[in-house]
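Numbering starts at 1 and runs along the sequence shown. None of these values were measured; they are calculated from a predicted model.
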Amino acid sequence: MNKPDLYTTHATPNKIEYYRRILNTYLPKIRHGNNKNKSALDIGCGQGRITHDIILPYIKQEIDEIIGVDITVPMIEHAQNTYANDQINFKLANVAQSVPDDFAARFDYIFSFMTLQWILDQWSLFSNILKMLKPNGSFLVTYIAKSKMTDIYNEVRNIEVYSPYIPYRRYAPFHNSEDPQQELTSILRDTGFEDIHCEVNPVRFDNYNHADRMCTVTGANGEEEYYIEHNMFIAHGRRI
């Protein structure tokens, strides 16, 4: 994902309403304190639109800063050039591997939308999230637990003409789990979180372009419409 404009056009729009529903439902459950100088972090911010247009309006009145981080240089450059202001900034960082010194115990809220399925070592990931939260700080994340898309990626990678463009085998960390909800709950408990909530729900994203391995439904105009359904984690927890 190193082409911000294409990602903004094709990948972001069909997820925006889902992210708003997540914030409407679950943000009240993690809100805390009456101070107005909180800090927030968005892990896997991509091109910055979700951080700026979706997350920021929900917490704008209670924070001094929100930082978006991503591991892709073009995404961070686009985000910083397009959305940065006095309240929001973007940085190149891989917080799943290590916690930057200035991120330790810095954030009241940590968010991540549709990103954490790329990270195989979930225990280290959530250990680092815990380290970056202030005492009483909370995280709220949603990401893929299991999906047909994982099988599609791996199937296409084995087709010779496409394999040079998919140079790794994509396995979501819980894709083969019989009970991803329980596995993630155990990781959150073992890494030290309190007030843990974890659920897995099927979520359908519509308006995909044609792909013969995706699901189809006949639309109101009688034409086939393409969609993909993921089993999505919704999880939040608090650092004591």
Side-chain angles (χ1 to χ4, degrees), residues 18-19 22-23 25-33 38-46 50-51 55 59 66-71 91 93-147 149-151 153-154 168-203 230-240:
Y18 173 68
Y19 298 156
I22 294 296
L23 288 166
T25 302
Y26 296 96
L27 183 57
K29 301 178 186 298
I30 70 167
R31 271 205 161 103
H32 62 277
K38 296 188 179 79
S39 296
L41 177 69
D42 179 22
I43 299 174
C45 65
I50 298 301
T51 317
I55 298 175
I59 57 175
I66 180 168
I67 298 173
V69 295
D70 203 276
I71 64 171
K91 296 185 178 183
N94 187 344
V95 297
Q97 286 190 351
S98 61
V99 175
D101 291 342
D102 60 336
F103 280 14
R106 177 170 178 170
F107 301 104
D108 297 273
Y109 302 125
I110 293 178
F111 303 96
S112 185
F113 293 159
M114 196 64 88
T115 296
L116 304 186
Q117 69 270 10
W118 298 99
I119 300 168
L120 294 180
D121 189 346
Q122 295 274 300
W123 198 94
S124 293
L125 164 68
F126 283 100
S127 293
N128 287 351
I129 288 175
L130 187 78
K131 293 172 185 175
M132 292 186 289
L133 285 168
K134 296 177 183 177
N136 207 40
S138 298
F139 76 86
L140 171 61
V141 299
T142 182
Y143 63 107
I144 296 171
K146 306 180 83 167
S147 175
M149 282 296 293
T150 299
D151 296 325
Y153 273 105
N154 293 328
Y168 60 92
R169 189 171 291 273
R170 181 182 187 270
Y171 289 117
F174 298 95
H175 183 64
N176 296 316
S177 171
E178 294 185 2
D179 192 347
Q181 179 176 338
Q182 182 55 47
E183 283 196 30
L184 180 55
T185 299
S186 295
I187 288 170
L188 297 177
R189 186 182 301 116
D190 291 346
T191 50
F193 284 99
E194 300 286 337
D195 299 334
I196 295 165
H197 174 86
C198 179
E199 60 186 86
V200 177
N201 297 315
V203 178
H230 305 299
N231 287 331
M232 297 287 293
F233 282 122
I234 302 169
H236 58 80
R238 180 177 63 88
R239 176 180 176 177
I240 59 174

If you look at every heavy atom in [X] and [Y], which pair is closest and at what distance?
X: Lys134; Y: Ala105; value: CG-O, 3.4 Å
X: Ser112; Y: Asp42; value: CA-OD1, 4.0 Å
X: His230; Y: Ser147; value: ND1-OG, 2.6 Å
X: Gln122; Y: Ile119; value: NE2-O, 2.7 Å
X: Cys198; Y: Leu184; value: SG-CD2, 3.7 Å
X: Leu120; Y: Pro173; value: O-CB, 3.9 Å

*Take Leu140 and Ile22, measure what side chain to side chain contact (heavy atoms under 4.5 Å, CB included) needs, and give me the verdict at the end.*
CA-CA 9 Å; Leu140 171 61; Ile22 294 296; 4.2 Å; yes
If we only count heavy atoms from C-beta on, is the [X] to [Y] side-chain gap below 4.5 Å?
X: Met232; Y: Met114; answer: yes
X: Phe103; Y: Val69; answer: yes
X: Ile66; Y: Ile59; answer: yes
X: Asn201; Y: Asn231; answer: no
X: Lys29; Y: His236; answer: yes

_Identified side chain to side chain donor-acceptor pair (under 3.5 Å) partner of Asn136 from the options Arg238, Glu194, Arg239_ =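 Output: one option passes, namely Arg238.
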Point-to-point distance, once rounded to the nearest 0.5 Å, from [atom1] of [X] to [atom2] of [Y]:
X: Ile43; Y: Thr51; atom1: CD1; atom2: OG1; answer: 11.0 Å
X: Gln97; Y: Ser124; atom1: CD; atom2: OG; answer: 9.5 Å
X: Leu23; Y: Ile55; atom1: CG; atom2: CD1; answer: 6.5 Å
X: Glu199; Y: Ile234; atom1: CD; atom2: CD1; answer: 4.5 Å
X: Leu125; Y: Thr115; atom1: CG; atom2: OG1; answer: 10.5 Å
X: Asp151; Y: Lys146; atom1: CG; atom2: NZ; answer: 10.0 Å

*Before giving the answer on side chain to side chain contact (heavy atoms under 4.5 Å, CB included), spell out for Ile110 and Leu133 the whole-Å C-alpha distance, their side-chain angles and the decisive distance to 0.1 Å.*
CA-CA 7 Å; Ile110 293 178; Leu133 285 168; 3.7 Å; yes
Would a distance-only check, ignoring hydrogens and angles, find a side-chain to backbone donor-acceptor pair under 3.5 Å from [X] to [Y]?
X: Asn128; Y: Val95; answer: yes
X: Thr191; Y: Leu188; answer: yes
X: Thr142; Y: Phe233; answer: yes

*Kindly write out the residues that satisfy side chain to side chain contact (heavy atoms under 4.5 Å, CB included) with Ser177, not counting sequence neighbours, or none if the list is empty.*
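For Ser177 the side chain to side chain contact (heavy atoms under 4.5 Å, CB included) partners, ignoring immediate neighbours, are Phe174, Pro180, Glu183.
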*Ion pair present between Asp108 and Lys38, side-chain N to carboxylate O less than 4.0 angstrom?*
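No, Asp108 and Lys38 are not salt-bridged.
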_Ionic contact status for Asp102 with Lys91, cut-off 4.0 Å_ =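 Salt bridge: yes.
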*Residue that, paired with Phe139, satisfies ring pair (Phe, Tyr, Trp, His ring centres under 6.0 Å) out of Phe107, Phe111, Phe193, Tyr109*: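 The passing option is Phe193.
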*Looking just at side-chain N and O atoms, do Thr185 and Gln181 make a donor-acceptor pair shorter than 3.5 Å?*
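Per modelled atom types, Thr185 and Gln181 side chains form no pair under 3.5 Å.
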*How about Tyr18 and Phe113: are their ring centres within less than 6.0 Å of each other?*
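Ring centres of Phe113 and Tyr18 not closer than 6.0 Å.
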